[in-house]
Q: 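One structure, pasted below without further comment.
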Protein chains: 2
Amino acid sequence: MKRKLFERGGQDKDRVTLADVAAHVGTSTITVSRAIRRPEMVSEALRKRIAEAVDTLGYVPDPAAQALASRRSRVIGVLIPSVTNSVFADVLSGLYDTVGKTAYSVQVGNTRYDPLTEEELTRVFIGQRPAGLIVAGIDQTSNTKAMLERAGCPVIQIMEFADGPIDSMIGFSHRDAARAATEHLIAQGYKAPGFIGARMDPRSQRRLNGFRQALQEADIPIGCREITTVDPSRVGLGASLLDTLLERAPETDAVFCNNDDLALGVQFGAQRRGLKIGAEFGICGFNDLEVMAAAYPAITSVRTFRREMGMLALQTVLDNLDDPEKQPTVTDLGYELMARASTDRQTGR
Amino acid sequence: MKRKLFERGGQDKDRVTLADVAAHVGTSTITVSRAIRRPEMVSEALRKRIAEAVDTLGYVPDPAAQALASRRSRVIGVLIPSVTNSVFADVLSGLYDTVGKTAYSVQVGNTRYDPLTEEELTRVFIGQRPAGLIVAGIDQTSNTKAMLERAGCPVIQIMEFADGPIDSMIGFSHRDAARAATEHLIAQGYKAPGFIGARMDPRSQRRLNGFRQALQEADIPIGCREITTVDPSRVGLGASLLDTLLERAPETDAVFCNNDDLALGVQFGAQRRGLKIGAEFGICGFNDLEVMAAAYPAITSVRTFRREMGMLALQTVLDNLDDPEKQPTVTDLGYELMARASTDRQTGR
DNA sequence: AACATGAATGACAGCGCTGTCATTACTTGA
DNA sequence: TCAAGTAATGACAGCGCTGTCATTCATGTT
């Protein structure tokens, strides 16, 4: 097995530059550059010949040189707390789809739910002179916020809808969505709904607040039906948190879960206990992953628009880049309660 | 709401460069550069003063300038067919974790299971002079392969274990893993195992081959118990493919699914039909997502080491970068059959 | 005929850093 | 004592591109 060494020059010899294309066409480098970036500034005849030369020579622009010369990279930085969490995976999918064939690329930073990591990544990202920044949430440190305000590029906060955006914002109210879910449980006739939450980050905390608010407005005492942990969410965790909940508060007849993984785990746990899902015990998740509708019985959840959020965030960056005078926008994508068998007290009767 | 315009210079005025640091310390830029990149080449006293200056001035290197001058970026390109699929999300998680605090960053390209998109992305990535490339699978077009061979950087193929690697390779044999799963079904006493597969990409095809091989070796005719579709996998699809399977081949008493989403959907579908999981109908998935063990009943699956694959791939790139003469490696991460209730014929008896 | 206008193109410097080679100040062994 | 080595630092050019300003030339205007 022969080994190529990764020494410099190995592949630089045959790198095709703007100058090569220009020489091939018999024009200047700057014209080639313009033919690619602002075709309307170059006569059609020349443009065509340049396009051909680019094709035959296989010219690919050097993004580093572009970034250095223009003082702007074509990288759109994305800061999210987790890449595994399917919620963020969906957002990413929307981002990647929209960035698709544009000249931009997205670069993802994983903050791991840590504000200081987020701050550090923000510093590094801004050091790259990004074309835009998309950050999850509104709970940045004040340093991070200050940097984002002076970033000199569009900044989009996603996953939340709240006051005081840094620039643009696209999301929904976690509190309202959670309250709607809890109100649904109450409306269905459950008398003692509980809350199960994992990874109690600020977003989860807001959901808990929504849950509390709904109970309070319905004059239902919360008792000790709030079970939370800082551990990351897993399906398996749902069942064990259910055990804890029913031990501490045996009166519980329904549960609103922080997210769908937990809800699915709660359902498995309830089935193992022999509880009749829906009739005896109501379950509501959050996000409405695809599995919720497919489960047996199907599980109620609050649908959130994650792919749409990613697509819209990316599109907003592109729009701002097109028109730098564009005003910041604040968009509420809302939510939708998907009522299913798991909160239907007639089911299985 | 006052709008900042994203005009150039907006934030460039206060950009701190190597020259600023050098002036502050009273040395040359090249020495500052060395103090950062190869500290052992600079005397300890100077190094310390430079470090302080970097801190107080808040110097952040410009990756574009670094890449342009050194003819190497610090970007590690990753080409995967999907970002939503939790299999690849796990791989990504391993990559991000390992790249962590290194000076490198990963940039993900989404090929959407399309070889031509993959080819185009490869061209773009190589144009960035990446530090390394990590590509999923072995089914690249010949153009893509040719480009990868001349990439001038480490290239790691992941998710597969096969002959003829481009450079290094880290994965496992999908055929062997699928065969092991099928053999397990047979050993458990199921007489007519079927196959359910979605998104029949090359990897899925290899799994199907493993399934066939196991049946053949056990002298079990396949009949019409192979149900496949090119549609992307979803939990909901599992149940409908199960319907098709049982309609076409009512004798089917077990099923090996292409992946865990389908297996979960099959289980829900089987429950809806009133089948006793395990005793009457065996189910085996592929990948062993966390939900499989948590499901009720727990579902048998073939565990694959996706995070590990991501971590090892990234580490292999770093190792190659450290020592450019390092020989390519080919690693089989294997698989592990996780036998659970869903393939236990005694369960629920 | 003289001049303004705008479209198309080009010259040139320089973005911020690093590879390369040179220089300086110290050792060290014979 | 001195050639020869070594550690520490610096000078300089240039990576590939784009912003800026200059130039050319056809066209229209008075």
Side-chain angles (χ1 to χ4, degrees), chain A residues 6-23 25-50 54 57-74 103 126-129 131 152, chain B residues 6-23 25-50 54 57-74 103 126-129 131 152:
Chain A
F6 306 126
E7 61 214 342
R8 80 166 277 260
Q11 112 118 355
D12 276 10
K13 295 293 168 201
D14 44 317
R15 177 159 197 117
V16 180
T17 70
L18 269 191
D20 296 329
V21 179
V25 176
T27 179
S28 65
T29 59
I30 186 67
T31 302
V32 177
S33 172
R34 280 199 280 251
I36 294 170
R37 290 181 303 144
R38 331 252 315 254
E40 74 282 3
M41 290 182 71
V42 176
S43 68
E44 200 184 321
L46 233 192
R47 198 165 58 208
K48 205 170 159 188
R49 282 166 53 214
I50 289 175
V54 164
L57 297 181
Y59 169 74
V60 178
D62 182 329
Q66 289 180 314
L68 188 57
S70 68
R71 259 88 79 225
R72 268 293 150 224
S73 78
R74 291 182 184 285
I126 289 181
Q128 303 197 23
R129 311 163 183 273
Chain B
F6 305 128
E7 62 215 340
R8 80 166 276 259
Q11 112 120 356
D12 277 9
K13 296 293 169 201
D14 42 318
R15 174 156 201 121
V16 180
T17 69
L18 268 191
D20 296 329
V21 179
V25 176
T27 179
S28 66
T29 58
I30 186 66
T31 302
V32 177
S33 171
R34 280 200 279 253
I36 293 170
R37 290 181 302 145
R38 328 253 317 254
E40 74 282 2
M41 289 182 72
V42 176
S43 68
E44 198 183 322
L46 232 192
R47 198 165 58 206
K48 204 169 161 189
R49 284 166 53 215
I50 290 175
V54 165
L57 297 180
Y59 169 74
V60 177
D62 182 330
Q66 290 179 312
L68 188 57
S70 67
R71 257 87 82 226
R72 267 296 150 221
S73 78
R74 291 183 184 283
I126 290 181
Q128 302 197 21
R129 309 162 184 274

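In the text below, chain A, chain B and the rest are named by the order of the sequence lines, each starting its count at 1.
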Q: Among D/dG16, D/dG19, D/dG14, which is the nearest nucleotide to the side chain of A/Ala65?
A: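 In terms of side-chain proximity for A/Ala65, the closest of D/dG16, D/dG19, D/dG14 is D/dG16.
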Q: Separation of B/Met41 atom CE from D/dG10 atom P, in whole Å?
A: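 About 12 Å, once rounded to whole Å.
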Q: Distance criterion of 3.5 Å, no angle test: do you see the side chain of A/Arg34 paired donor-to-acceptor with the base of C/dG10?
A: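 When only heavy-atom distances are counted, A/Arg34 does reach the base of C/dG10 through a donor-acceptor pair under 3.5 Å.
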Q: Using a cut-off of less than 4.0 Å, is there contact between a side-chain N or O of A/Thr29 and OP1 or OP2 of D/dC17?
A: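 It does not, given that no N or O in the side chain of A/Thr29 lies less than 4.0 Å from OP1 or OP2 of D/dC17.
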Q: Hey, are B/Arg15 and B/Asp20 close enough for a salt bridge, meaning a charged N less than 4.0 Å from a carboxylate O?
A: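 Salt bridge: no.
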Q: Is B/Ser33 near enough to C/dT18 that one of its side-chain N or O atoms lies under 4.0 angstrom from OP1 or OP2?
A: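 Checking B/Ser33 against C/dT18: at least one side-chain N or O falls below 4.0 Å of OP1 or OP2.
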Q: Given D/dT18, is OP1 or OP2 found less than 4.0 Å from the side-chain N or O atoms of A/Arg72?
A: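 For D/dT18, neither OP1 nor OP2 has a side-chain N or O of A/Arg72 closer than 4.0 Å.
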Q: Tell me whether the OP1 or OP2 atom of D/dG19 has a side-chain N or O from A/Arg37 closer than 4.0 Å.
A: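 Answer is yes, contact under 4.0 Å.
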Q: Quick one: closest heavy-atom pair of B/Ala64 and A/Ala67, and the distance?
A: CB-CB, 3.6 Å
Q: C/dC17 phosphate, OP1 or OP2: any side-chain N/O from B/Gln66 under 4.0 angstrom?
A: no
Q: Distance check: side-chain N/O of A/Ser43 vs OP1/OP2 of C/dT9, anything under 4.0 Å?
A: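 For C/dT9, OP1/OP2 do have a side-chain N/O of A/Ser43 under 4.0 Å.
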Q: Could you tell me how far apart A/Leu68 (CG) and D/dG16 (C1') are, to the nearest whole angstrom?
A: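 Taking atom C1' of D/dG16 as the reference, CG of A/Leu68 is at 9 Å.
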Q: At their closest point, which heavy atom of A/Pro63 faces which heavy atom of B/Gly127, and how far apart are they?
A: CD-O, 3.8 Å
Q: To the nearest angstrom, how far is A/Asp20 atom CG from D/dC15 atom P?
A: 12 Å
Q: Phosphate oxygens OP1/OP2 of D/dG10: is one of them under 4.0 Å from a side-chain N or O of B/Thr27?
A: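 For D/dG10, OP1/OP2 do have a side-chain N/O of B/Thr27 under 4.0 Å.
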Q: Using only side-chain N and O atoms of B/Ser28, determine if any of them is under 4.0 Å from OP1 or OP2 of D/dG10.
A: yes
Q: Decide side-chain hydrogen bond (donor to acceptor under 3.5 Å, both in side chains) for B/Ser43 and B/Arg47; before the verdict, give the C-alpha distance in whole Å, the side-chain angles of both, and the deciding distance to 0.1 Å.
A: CA-CA 6 Å; B/Ser43 68; B/Arg47 198 165 58 206; over 6 Å; no
Q: Without decimals, in angstroms, what is the distance between B/Leu46 CG and D/dA7 C1'?
A: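 That distance rounds to 13 Å.
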Q: Tell me: CG of B/Leu18 to C1' of C/dC15, nearest whole Å?
A: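 Roughly 13 Å, once rounded to whole Å.
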Q: If I take atom CZ in residue B/Arg38 and atom C1' in nucleotide C/dT18, what distance separates them, rounded to the nearest angstrom?
A: 11 Å
Q: Taking atom C1' of D/dC15 as reference, at what distance in whole Å does atom CG of B/Asp62 sit?
A: 13 Å
Q: Nearest whole Å is fine: how far is C/dG16 P from B/Arg15 CZ?
A: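 Rounding to the nearest Å, CZ of B/Arg15 and P of C/dG16 are 7 Å apart.
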Q: For a quick test of reading the model, state the closest non-hydrogen atom pair linking A/Val16 to A/Leu57 and the distance between them.
A: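 In terms of heavy atoms, the two residues are closest at CG2-O, 3.3 Å.
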Q: Closer to the 5' end of DNA chain D via nearest nucleotide, is it B/Ala69 or B/Val42?
A: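 First, find each residue's nearest nucleotide; the 5'-ward one identifies B/Val42.
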